[in-house]
Amino acid sequence: MLEKTYQPAEIEPRINEEWNKADAFRCGRADRKDAAAYSIVIPPPNVTGSLHMGHALNNTLQDVLVRFERMRGKDVLWQPGMDHAGIATQMVVERQLMERQQPSRRELGREEFVRRVWDWKEQSGGMIVNQLKRLGASCDWSRERFTMDEGLSRAVVKVFVELYRKGLIYKDKRLVNWDPKFQTAISDLEVVQVEKKGSFAWVDGDPEKPFDGDALAKVLKKDPSGHMYHFRYPLAEKVAGYDKDYIIVATTRPETMLGDTGVAVHPEDERYEALIKAGAKVRLPLVGREIPIVADTYSDPEKGTGAVKITPAHDFNDFEVGKRHNLEKINVLDAFGKLTDDVPEAYRGLDRFEARKRVVADLAALGLLAKIEPTTHTVPHGDRSNDIIEPWLTDQWYVNAGELAKPAIAAVETGKTQFVPKNWEKTYFEWMRNIQPWCISRQLWWGHQIPAWYGPDGHVFVGPDEADAKAQAAKHYGKDEALTRDEDVLDTWFSSALWPFSTLGWPDETAELKRYYPTSVLVTGFDIIFFWVARMMMMGEHFMKEVPFHDIYIHALVRDEKGQKMSKSKGNVIDPLQLIDKYGADALRFTLAAMAAQGRDIKLAPQRVEGYRNFATKLWNAARFGEMNECVRQFDFDPHAVKHTLNRWIVGETERAANAVTSGLEAYKFNEAAGAIYEFVWGVYCDWYLELIKPILAGDDEEAIVETRACTAWVLDQCLKLLHPFMPFITEELWAHMVEHGERRLTLLCLSEWPRLSGLSSAEADEEIGWVVKLVSDVRSVRTEMNIPAGAKIPLVITGASEATIARARRHDETIRRLARLDGIAFAEAAPKGAALIVIGEATVALPLDGVIDMSAERKRLQKEIEKAEGDRNKAATWLANEANVAKSPEHVVELNRERVAEAGDRIQRLTAALKRIEG
RNA sequence: GGGCACUUAGCUCAGCGGUAGAGCACUACCUUGACAUGGUAGGGGUCAGAGGUUCGAUCCCUCUAGUGCCCA
């Protein structure tokens, strides 16, 4: 016998163990070798990561799909694994070394440090894998991959070498986003823009308020950003037609002025026309360098003074301006963000923010500081380091993303790959069509070291291994030369981009690659379209000549119940594992699936999870009811052959539910599918069917009992199946518990067959049970309104009923009496005096409660009913009175309104009669 | 500044050209033989505002207001 309540914590580990023992999730099962393949690669979580709500949603949806297709008989591969997360992992290990007061990374040296990282990975990395298992993720865990695995690394090298040979990977000196904390380049996507606003204001010219450098230093100590500084740059020579001897420029980063090599004004800005004509120059304060004033449309005449300082080595826009005007690029920062030797001696070696204060103070002392104003501007920060990112001029490796993007764009244009919901393709196109060269080198030690070697003169040789590079070098130099390998590693996303095929064994031509590539669908969040989707599409198209996935399902972000993005700093993070502990993985999964409507974020309230836990309990108890009543599925049970109306009705309802769930899942409408099974299990099976069959089970019609027991068991089986993708644990448990034909099940639920039902619905049964349901509901309603004690049994008299209705009432006599708490059903010509009356169809049902009911309450109730019916009739009648409506509407709509008028009129008539009887 | 969404019951959200739905919360009653993590009944909405298209608009279009996100 089942326990009285469902305890997820007890069954979940056990069920996981059973799946594991049965190898239930392995792809390529022998019995499915002729089946269609269905594959999903997991968006690899990062090896340092732990399960957060976004993962929970992402993996729940994947698991729902995968379990659904597995039950539909497909050969399913859900490929799990993790990426090595270059910066994040290196950071974790470095921090650990520091905390343990062990030698630092540099002291250990590269080889030893990398060994330590592997140690860390073995011991504490990959926590998330076990967390995914707790969620119920039915990945083929035997195939787990890691981006640093031997095979995947081989794929990385092959891709690098091939792209290099095709000229699609190259080395270039450009500005990169430099992270001074980690001393590495990072990609645009790893940069977060943080809005800053300062508080210090000062204007030159007020003798009462001299410049206070200490006060500014204090403000900047808290936050170095948030101010606009206006400097006067003196002209090298006075220019005729220009009335001042200086030009004012503004900047939020004063220290970069030491690297200024130009000042730009708009070519059509009349204020500066004379300066441009004269080819004027300014003398850069503090430095003394003469730099040109150039005309460039980059400067905005509306903004500030319309003149901007140009620092080509430290600003992306300035870099472009500098290129157009051949301006010198002077690097004033080193890898740590300290000032280089290319600045005046006083500033050399200073930290960038120290230099900021000094430069401002020194300019103020020279009378060249015009003003400081607080301003709101965005400042780039490293998403891992949280340090302020500097655009920095370095040699890096780049992928020609623009070229690789072309087929990837075409694949979506032609529909080879489809976004669901479709509107995300706009975001994809927008980004792909404006894609920048992808900087793939990182100045880290943890990752795939770039397969490039340099000769003594710096000539580069790229090859699959050192021997190959040496051979190339020997040929190039005409003799053997010592080579040194490029120290840098590749961006983690470079290896992740290969994930859909590298995990299947590429570059080897494996059977898995053939069978499971392209994958069926990628499930991911919109925030990852650029990271994942775009890069996998590019690499897939290039190396496999085929898209990596047919569909891309983009799901929402999980927010807190107020709609705020969850973040540690806000303290509003909901930990999925805590929810699992409290309510069970099934409840969490169902919640996420039920709320995953396309195109909308999920605002998660824990109460919602509790509600679905209750749903699980409900199912549990329905099963318990079946068990107590010996509802056992029979070998020969055929839902098409059931005779009893109730059973004919429920098998039809089951078919409708199965169709709704199936079509919901096929269309990635997880919420609709979840809603359909929820409503069926609770609202139909539990609320009505199980209640309606109680009198039968308690009765003495043996044939009906046998059929009903078998039918109850069969419907429950269908519920378990339909619910399994959403709630795998409880359904698997109940499946095992609810024996079949008196014996234990032969298959696990997760490997059983998905319901494919048809031809089960019966209009006649639907109508009959619909009538019973309506009668019971209406009687209950009246009882409550008349304040009849819930326990009291009352009589019921049906009048004016047709033969068919009388027969119906007789057939369901027991049921109606029980559910409506009646002590008998009688038939009469006219309703007895002092009765409450209900109009159902052609009949009027009387509850003779003379002396029990409050007649004034009954009068009120009837009047209310009449009013409602009148409202309905008037609405429909008014609609019909409009000739245009009747003339132009489809026939069925006109008919519908005619029926409404007739039906409402009928009701009014009989309700009025009932009212009269009371009054008379 | 460019783009994408959103605004429906107290809250969180579905829906969608033909008389508005769910869950939670709320109210009343019920320890009835699966379930109080439950049952029964009930209250609660000019579907953000203004125009337009249509026989008919919560739904389609335009504008306005507000909110959120992405990219500059």
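Residue-level contact check: A:A887 touches neither bases nor backbone, having no heavy atom under 4.0 Å from any strand. At the heavy-atom level, A:N434 lies nowhere under 4.0 Å from the strands shown. Counting non-hydrogen atoms under 4.0 angstrom, A:R900 reaches a base of the nucleic acid. Using a 4.0 Å heavy-atom distance criterion, A:R613 is classed as a base contact.
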Report task. Go through the steps for A:F615 and A:F726 under the test ring-ring contact (aromatic ring centres under 6.0 Å, His included), then give the verdict. Result -> CA-CA 12 Å; A:F615 173 58; A:F726 303 96; 9.8 Å; no
**Report entry** Audit row: A:I730, A:W620, side chain to side chain contact (heavy atoms under 4.5 Å, CB included) steps and yes/no
**Finding:** CA-CA 8 Å; A:I730 187 177; A:W620 183 267; 3.9 Å; yes
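Donor-acceptor pairing under 3.5 Å, judged by distance alone, is absent between the side chain of A:E430 and the base of B:A72.
With both ends at atom P, the span from B:A41 to B:U62 equals 44 Å, rounded to whole Å. For the C1' atoms, the distance from B:A5 to B:U19 is 30 Å, rounded to whole Å. Remark: the separation of the C1' atoms in B:A9 and B:U46 is 14 Å, to the nearest Å. A gap of 10 Å separates the P atoms of B:A48 and B:U58, to the nearest Å. Rounded to the nearest Å, the gap between the P atom of B:U8 and that of B:C71 is 27 Å.
Of all nucleotides listed (B:C4, B:A34, B:C55), B:A34 comes nearest to the side chain of A:N629. Of the candidate nucleotides B:U19, B:C29, B:U40, B:U19 has the atom nearest to the side chain of A:L896. When distances run from any side-chain atom of A:R821 to the nucleotides B:C4, B:U40, B:U32, the shortest one goes to B:U32. For A:T617, the side-chain atoms get nearest to B:C35 when compared with the rest of B:U40, B:C30, B:C35. Of the listed nucleotides (B:U12, B:A34, B:U37), B:U12 has the atom at the smallest distance from the side chain of A:M595. Set against B:G23, B:A14, B:C55, the side chain of A:S889 has B:C55 as its closest nucleotide. In the set B:U19, B:G23, B:A41, the nucleotide with an atom closest to the side chain of A:S781 is B:A41. When distances are taken from the side chain of A:K4 to each of B:G38, B:C55, B:A36, the shortest belongs to B:A36. Listed nucleotides: B:C4, B:A41, B:G18. Nearest to the side chain of A:K426: B:C4.
No side-chain donor-acceptor contact under 3.5 Å links A:Y6 and A:N621. Judged purely by distance below 3.5 Å, without hydrogens or angles, the side chains of A:Q7 and A:T5 pair a donor atom with an acceptor atom. A donor-acceptor pair shorter than 3.5 Å cannot be found between the side chains of A:T524 and A:N58.
Remark: B:C29 base-pairs with B:G39. Criterion, Watson-Crick or G-U wobble with two distances under 3.5 Å. The base-pairing partner of B:U46, taking Watson-Crick or G-U wobble contacts with both distances under 3.5 Å, does not exist among the strands shown. Here B:A65 sits opposite B:U7 as a Watson-Crick or G-U wobble pair (both hydrogen-bonding atom distances under 3.5 Å). Nucleotide B:G21 forms a Watson-Crick or G-U wobble pair with B:C13, both donor-acceptor distances falling under 3.5 Å.
Phosphate contact (OP1/OP2 of B:G38, side-chain N/O of A:N614, threshold under 4.0 Å): present. One finds a side-chain N or O of A:K694 lying less than 4.0 angstrom from the OP1 or OP2 phosphate oxygen of B:A34. Under 4.0 angstrom from either OP1 or OP2 of B:G39 there lies at least one side-chain N or O belonging to A:W682. For A:K618 and B:C35, the shortest distance from a side-chain N or O to OP1 or OP2 is not below 4.0 Å.
Atom CZ of A:R589 is separated from atom CE of A:M727 by 9.5 Å, given to the nearest 0.5 angstrom. Taken to the nearest 0.5 Å, the CZ atom of A:R624 stands 13.5 Å off from the CG atom of A:L619.
Close placement of the A:Y678 and A:Y612 rings is indicated, their centers lying within 6.0 Å of each other.
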List every contact pair, protein side and nucleotides 43-47 of chain B side both N or O, where the distance is under 3.5 Å.
none

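Across all non-hydrogen atoms, the minimal contact from A:I705 to A:G699 is CD1-O, 3.4 Å.
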